[in-house]
Amino acid sequence: MITGKNYIGEGLSALGAITYKTINPETNSENETTFYEATSEEVNKAVTLADKAFDVYKKTSDAERATFLEAIAQELETIKDDLVEIYKKESGLPDGRANGELARTTGQLRAFAAMLKDGSWVEAIINKSEGKPDLRRMQIPIGPIVVFGASNFPFAFSTAGGDTASALAAGCPVIVKSHPLHAGTGELVASAIVKAARKTKMPNGVFSNMNSKGIEVGKLLVQHPLVKAVGFTGSIKGGTALCKLASEREEPIPVYAEMGSINPVVILPSALKDKAQYWGKQYAGSITAGTGQFCTNPGLMLGIKSKALDQFVVALGEATSEIAPACMLHPSIKAQYDKNKEEVLSQPGFNPVTTLDVKLKDNYALQHIIAVDAEVFLKNKTYHKEVFGPFSIIVQCDDKDQLTKVLEAMEGQLTGTILNEDPKELFDFSETIEALKSRVGRLIFNGVPTGVDVSAAMTHGGPFPASSDSKYTSVGLTAVKRWVRPVSYQDWPDALLPKALQNSNPLQILRTINGEVTKNAL
Ligand code: NAP
C-alpha cells in the first residue's frame, strides 16, 4: 500500500502541511495518493537516525551487508507487479521498460552483493619492509549519504538504484530525497528496502525516504551537518546548485553529480560507404528510445560533407519519421522539451531533417532532427545545449580538421562514439579520436550510446558538466569508491586489525614484504 508518508527508518511519518500528487502522463490526470512533503523536523530525525545507525552498520561484515542487498532485491521481486503498475502510472513508460529497469535494479543490488563476498573492494594493501613501519591500508565507509534520483529512471537511478546500492554496500546509511514525479514508486521501493533491513537485522535508520514537492527538502538534507556525501542524478542546473550548497557548508562535503550530456557521435567516412541506411535506422531508434529521455541520448552527430553523409541524413530522417511519437515522463518535462527545442529552432542557419507534423496526444513528444554546418555550430553555443527528449543535431563538417575543432569546442560528455569500417582510417583520424577521448567518460565503437551496462569496467561519468567529478562513476562496481575513504594502520597489533588487513586474510591485494611486491589471491 502507498501511504504518501515519509519513511524515517522503519517508521512512517507525515507531519507536514505541504502535499502533492503525482501525475499519470498518459491520461494527463492526477494519481490517487496524496504525498506529504517532509518537514525540517522529519529531515533532522531521518539524518540523526542514520548517523546513529552508522555506528552499528559500519561494523557489519561484508557478508551481512551482501545478505541485506540480496534481501532488498528479493523484496522488490516479491512486489514486482505492484511496482510495475505504479511505475507505469507515474512515468508513462511501457511495460517492457518497467520490467527491464526493475531487473536491472535487482541485478545491480546482487552485483554489489557479489562484490562484497569477493572482499577485494576494500583495496587492502600491506607494506612490510625491514627497518620501516608496518603499514596496512584499506577503505572504510564515510557516514550517512543523501541520494537524489532522476526523473527518467524511477527504479535504476532512484530509490534503490546504483547510488543507494553502492552506498549501502560500502557500509553507509542512505537517506533518499524522493523524486516528486514518481513519489509512489519511490515509497513502494522504500518499503521493500525497510522490510529487507528488518529481516536481515540491519539497524533502524540504515535507510530513510523523504518526500518533497520542491527543492527545499533536498537543500536541507545537503546542508545537514551529519550528512557526509551526496549522490545526484539529474540536470546540470540541479547538480551544480547542490555542489555549490555542499561547498558552502561549514564542513564541505562532496557531491557526486551525474548530469546532462549530448553524447557526440563521430561518423567517419568509411562507416557510410555501405551502411548509410543501416546507421540511419540504428540512430533513429537510439534518438527516440525512451522518448529521448536518456542521459546517453545521441544529441549530436558529426560527419564530413559527402554524398554518403547526405544519404545517411535522408535515411535517418526517414527512419525517425516512421517512429510513432511517444509519451514523455511528465507535463513539465514535455513543456521543458518544447521550450528548449524552440530555443534551438529559433536560431539561424539550420536545415530540417525531419518535418513531422502530426496531431499529438497530451504529453506526447514529436521527434526532431536538424542539420547545421560546422561553421554555424561553432559560432552558436545554443546548438551545444542538451535538449532532453527525442532531439538531435547533425553537424556537417568541411574536413577532418574542422571535425576535430568542433569536438575541441565541446564541453565534457558521458559518451563519445566512433563509427568506422576501415582500420587505417582510425590512424588518419587519430587527433579527432584524441579530442573525443579527452572529453568523454565512455568511448563506443560502431554502436549506439544508449544502454549502460552494469559491470566492473563501466564508466558512467565524464568531464564537467557530464559529472561533477570525472574520477568516479555512478554505474558499475567502482561506484562504491565514492562513499569510502582510505585509512592506514601503522605497527598495529594483528589481532586488533580489521579482518581484511590481518596476516591470515587471503584477499589482501598487494603486499610489499622486504621490497618485494606480491599479489595475493587475485
Ligand atoms: P532535475 O530536475 O535536476 O531533478 C533531479 C532531482 O534533483 C529532483 O529530485 C529535483 O527536485 C532535485 N533538484 C533539482 N534542482 C535542485 C536544486 N536546485 N536544489 C535542490 N534539489 C534540486 O533532473 P531530472 O528532471 O530528474 O532528470 C533529467 C536530467 O537528468 C537530464 O538533464 C538528464 O540528462 C539527466 N540525467 C543524467 C543521468 C546521468 O547519469 N548523468 C542519468 C539520467 C538523467 P525537484 O524535482 O523537486 O526540483
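One is the number of the first residue; the rest follow in order along the sequence. Whatever order the structure lists ligands and atoms in, that order sets their numbers, starting from 1. This structure is a prediction, so every number in the text was calculated from the model and none was measured.
Counting only distance, with no hydrogens or angles, the side chain of Asp362 and the backbone of Asn28 share no donor-acceptor pair below 3.5 Å.
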Name the atoms and distances for all side-chain donor-acceptor pairs under 3.5 Å in residues 251-259, with sequence neighbours left out.
{"from": "Glu251", "atom 1": "OE1", "to": "Lys228", "atom 2": "NZ", "distance (Å)": "3.1"}
{"from": "Glu251", "atom 1": "OE2", "to": "Lys228", "atom 2": "NZ", "distance (Å)": "3.4"}

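Paired with Ser212 under the rule side chain to side chain donor-acceptor pair (under 3.5 Å), one option of Lys219, His179, Glu37, Lys177 passes, and it is Lys177.
Aromatic ring centroids of His384 and Phe377 lie under 6.0 Å apart.
At least one side-chain heavy atom of Asp163 sits less than 4.5 Å from a side-chain heavy atom of Arg482.
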Tabulation required: pairs of a nitrogen or oxygen in ligand 1 and a protein nitrogen or oxygen under 3.5 Å; columns are atom names and distance to 0.1 Å; otherwise 'none'.
{"from": "ligand 1", "atom 1": "3 (O)", "to": "Ser235", "atom 2": "N", "distance (Å)": "2.8"}
{"from": "ligand 1", "atom 1": "3 (O)", "to": "Ser235", "atom 2": "OG", "distance (Å)": "2.5"}
{"from": "ligand 1", "atom 1": "9 (O)", "to": "Lys177", "atom 2": "NZ", "distance (Å)": "2.8"}
{"from": "ligand 1", "atom 1": "11 (O)", "to": "Lys177", "atom 2": "NZ", "distance (Å)": "3.1"}
{"from": "ligand 1", "atom 1": "23 (O)", "to": "Ser235", "atom 2": "N", "distance (Å)": "3.2"}
{"from": "ligand 1", "atom 1": "25 (O)", "to": "Ser151", "atom 2": "OG", "distance (Å)": "3.1"}
{"from": "ligand 1", "atom 1": "26 (O)", "to": "Ser151", "atom 2": "N", "distance (Å)": "2.7"}
{"from": "ligand 1", "atom 1": "26 (O)", "to": "Ser151", "atom 2": "OG", "distance (Å)": "3.1"}
{"from": "ligand 1", "atom 1": "26 (O)", "to": "His179", "atom 2": "NE2", "distance (Å)": "2.8"}
{"from": "ligand 1", "atom 1": "27 (O)", "to": "Ser151", "atom 2": "OG", "distance (Å)": "3.3"}
{"from": "ligand 1", "atom 1": "30 (O)", "to": "Gly234", "atom 2": "O", "distance (Å)": "3.0"}
{"from": "ligand 1", "atom 1": "32 (O)", "to": "Glu386", "atom 2": "OE1", "distance (Å)": "2.8"}
{"from": "ligand 1", "atom 1": "34 (O)", "to": "Glu386", "atom 2": "OE2", "distance (Å)": "2.6"}
{"from": "ligand 1", "atom 1": "40 (O)", "to": "His460", "atom 2": "NE2", "distance (Å)": "2.7"}
{"from": "ligand 1", "atom 1": "41 (N)", "to": "Met259", "atom 2": "N", "distance (Å)": "3.4"}
{"from": "ligand 1", "atom 1": "41 (N)", "to": "Met259", "atom 2": "O", "distance (Å)": "2.8"}
{"from": "ligand 1", "atom 1": "47 (O)", "to": "Gly214", "atom 2": "O", "distance (Å)": "3.2"}

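Using modelled atom types and a 3.5 Å distance limit, the side chains of Ser151 and His330 yield no donor-acceptor pair.
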